[in-house]
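This report concerns only the one structure given below.
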Amino acid sequence: MSVSPHWRIASGLLVNLLSSICIVFINKWIYVHHGFPNMSLTLVHFVVTWLGLFLCQRLGVFCPKSLPTSKVLLLALSFCGFVVFTNLSLQNNTIGTYQLAKVMTTPMIILIQTLWYGKTFSLRIKLTLIPITLGVFLNSYYDVKFNALGMVFAALGVFVTSLYQVWVGAKQHELQVNSMQLLYYQAPLSSAMMLAVVPFFEPVIGEGGIFGPWSPTAVIMVLFSGIIAFTVNLSIYWIIGNTSPVTYNMFGHFKFCITLLGGYILFQDPLSLNQGFGILCTLLGILAYTHFKLNEQEVNKSKLVQRP
C-alpha cells in the first residue's frame, strides 16, 4: 500500500520540526549540565554529518559530483565559523536572545548583497528590517541575563552565517550542484579544519577534553546531538525539494515560536513585558518580510511565463 503524498510531506515536516527544536535544546542542555567544549561538539557534528552523507550517497539518496577543493575551501572555513560562533552564542545567551539574534541574518544578508554584489531590494522589503532590528534590540536590552560576551558571539555568528549563506547560493550556481552535493564536500574539509584547530583552543584529553572522562550520559547526549544535527540538514534538503517556498517559510516561523516558548519553559529563562514586545515586533517583521518576498517571487515568475 503506497503512502499518500500528503502523509509523506507531513512526516517530513514533523521530522524537521522535532530535529530543529531538539538540536537547540540538546546543545543547550549539554553546555549547561555537562560543560562539553564548544568546538569539540562542532567537530562531532561535522564528522557525523560527513558519515551520514556518505551513507546517503551509498544508498543512492543523491549523486556526488567531483569538485575542486580550492573552490570549496573558503566555504568550508565559513561553515566552521558560523557553526562555532552560533553554538558559542547559544552557550552564553538565553535561548530567546540566541534565537532572536539569528533573525538578524536576514538584514545582514541584504546588507552584504547590496554592498558587495550590487543587488537591489524594494523599499517595502527594506522597511520590514526596522521592526526586525528593533525587536532584537528590545529583547537584548531588557534581557536580565544579558551577557556582553554572548552578544559578541551572536554578532560574529550572524555575520559569518550571512557570508556562508550568500556564498552557498553563489557556489551552487557556479558549480551547478545542489545543497547536499555541496555539503558532501564541505563536511570533510570542515572536519579536518576543526581537527587541526581544536587542540589550540580546547583540551583534547583529560578533564574537559573531547577524549576526557565524560559520563556515559554525556557521551550519549553528544553523539545524539550529532545525529540530530545531520537529521536537520537532511530534512531541510527534503522539505525544500518537496514543498513550496510558502510552506517552508511559514513552517520556519512556527519553529521560531516553539523554540522560544520551549526555552522559557525548559530553562526557566525570565521574560519581561518589554522582551515580549520585542519578540512580537520581530515576528511581525519576519512575517511581513516573508509575505513581500514571496509576492515579489511570484510576480517575477509570472513575468517570465508571459515572455514570448
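Position 1 is the first residue of the sequence; numbering continues from there.
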Audit row: Glu174, Lys71, side-chain contact (heavy atoms from CB on, under 4.5 Å) steps and yes/no: CA-CA 10 Å; Glu174 177 190 341; Lys71 295 285 186 180; 3.3 Å; yes
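- Atom OG1 of residue Thr105 and atom CD1 of residue Ile109 lie 6.0 Å apart, to the nearest 0.5 angstrom.
- Contact between Asn27 and Ser225 at its shortest, heavy atoms only, is OD1-OG, 2.6 Å.
- In terms of heavy atoms, Gly285 sits closest to Pro131 at CA-CG, 3.8 Å.
- Under a hydrophobic clustering in which Ile, Leu, Val, Met, Phe, Trp and Tyr are joined whenever their side-chain heavy atoms come within less than 4.5 Å, directly or via other members, Phe46 and Phe54 fall into the same cluster.
- Closest approach of Asn93 and Asn147 over heavy atoms only: OD1-O, 3.9 Å.
- Side-chain atoms of Gln57 and Leu53, non-hydrogen and from C-beta on, never get closer than 4.5 Å to each other.
- Ring-centre distance between Phe85 and Phe159: not below the 6.0 Å cut-off.
- Smallest separation of non-hydrogen atoms from His45 and Gly226: CD2-CA, 3.5 Å.
- Here Phe25 contributes atom CZ and Ile228 contributes atom CD1; the two are 13.0 Å apart, rounded to the nearest 0.5 Å.
- Put simply, CE on Met193 and CG on Leu77 are 5.0 Å apart, with the number rounded to the nearest 0.5 Å.
- Distance alone, capped at 3.5 Å, places no donor-acceptor pair between the Ser190 side chain and the Ala187 backbone.
- Ile205 and Met39 fall within a single hydrophobic cluster, where Ile, Leu, Val, Met, Phe, Trp and Tyr side chains are chained together by heavy-atom contacts under 4.5 Å.
- Two residues are said to be in side-chain contact when any heavy atoms from C-beta on lie closer than 4.5 Å; Val24 and Tyr98 meet this criterion.
- You'll find the side chain of Pro37 stays beyond 4.5 Å of the side chain of Phe201, heavy atoms only.
- Rounding to the nearest 0.5 Å places CD1 of Ile220 at 8.5 Å from OG of Ser215.
- Across all non-hydrogen atoms, the minimal contact from Val160 to Gly81 is CG1-C, 3.7 Å.
- Contact of the Leu67 side chain with the Gln181 side chain is not registered, since no non-hydrogen atoms from C-beta on lie closer than 4.5 Å.
- Side-chain atoms of Thr86 do not come within 3.5 Å of backbone N or O of Val83 as any donor-acceptor pair.
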Could you walk me through whether Ile95 and Leu90 satisfy the side-chain contact (heavy atoms from CB on, under 4.5 Å) test, starting with their C-alpha distance in whole Å, then the side-chain angles of each, then the deciding distance to 0.1 Å, before giving a yes or no? CA-CA 6 Å; Ile95 287 182; Leu90 177 61; 4.2 Å; yes
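- Glu202 places no side-chain N or O within donor-acceptor distance of the main-chain N or O of Gly209, the cut-off being under 3.5 Å.
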Could you check Met180 against Leu183 for side-chain contact (heavy atoms from CB on, under 4.5 Å), going step by step and ending with a plain yes or no? CA-CA 5 Å; Met180 282 191 81; Leu183 189 58; 5.6 Å; no
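- Criterion: ILVMFWY side-chain heavy atoms under 4.5 Å apart, direct or through other members. Under it, Val198 and Leu195 are part of a common hydrophobic cluster.
- A donor and an acceptor atom, one from each side chain of Glu296 and Ser122, are located under 3.5 Å apart.
- Under the 4.5 Å side-chain heavy-atom criterion for ILVMFWY residues, a single connected hydrophobic cluster contains both Leu111 and Trp116.
- Checked against the 6.0 Å centroid criterion, the rings of Phe79 and Phe82 qualify as a close aromatic pair.
- Within the 4.5 Å cutoff, the side chain of Met194 has no heavy atoms near those of the Val47 side chain.
- In this structure, CD on Gln186 lies 10.5 Å from OG on Ser191, to the nearest 0.5 angstrom.
- Partner of Phe36 under the ring pair (Phe, Tyr, Trp, His ring centres under 6.0 Å) criterion, chosen from Phe211, Tyr31, Trp214: Trp214.
- For the residue pair Thr94 / Thr97, a side-chain donor-acceptor distance below 3.5 Å is found, with atom types taken as modelled.
- Side-chain contact between Trp167 and Gln172 is absent, with no heavy atoms from C-beta onward closer than 4.5 Å.
- Separation of atoms CZ (Phe153) and OG (Ser89) is listed at 9.5 Å; rounding is to 0.5 Å.
- Trp50 belongs to no hydrophobic cluster with other residues, because no ILVMFWY side-chain heavy atom falls under 4.5 Å from its own, directly or through intermediates.
- Ile132 is listed as a side-chain neighbour of Pro107, based on a closest heavy-atom distance under 4.5 Å.
- Distance alone, capped at 3.5 Å, places no donor-acceptor pair between the Lys65 side chain and the Leu182 backbone.
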Evaluate the side-chain contact (heavy atoms from CB on, under 4.5 Å) criterion for residues Thr133 and Met104: first the C-alpha distance (whole Å), next the side-chain angles of each, then the deciding distance (0.1 Å), finally the verdict. CA-CA 7 Å; Thr133 307; Met104 289 302 295; 3.8 Å; yes
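- Transitive grouping of hydrophobic side chains (ILVMFWY, heavy atoms separated by less than 4.5 Å) keeps Ile130 and Val103 in distinct clusters.
- Within the 4.5 Å cutoff, no side-chain heavy atoms of Lys171 are placed close to those of Val72.
- The shortest heavy-atom contact between Gly278 and Leu138 is CA-CB, 4.0 Å.
- For Tyr117, the OH atom is densely surrounded, since the number of other residues' heavy atoms within 6.0 Å is greater than 12.
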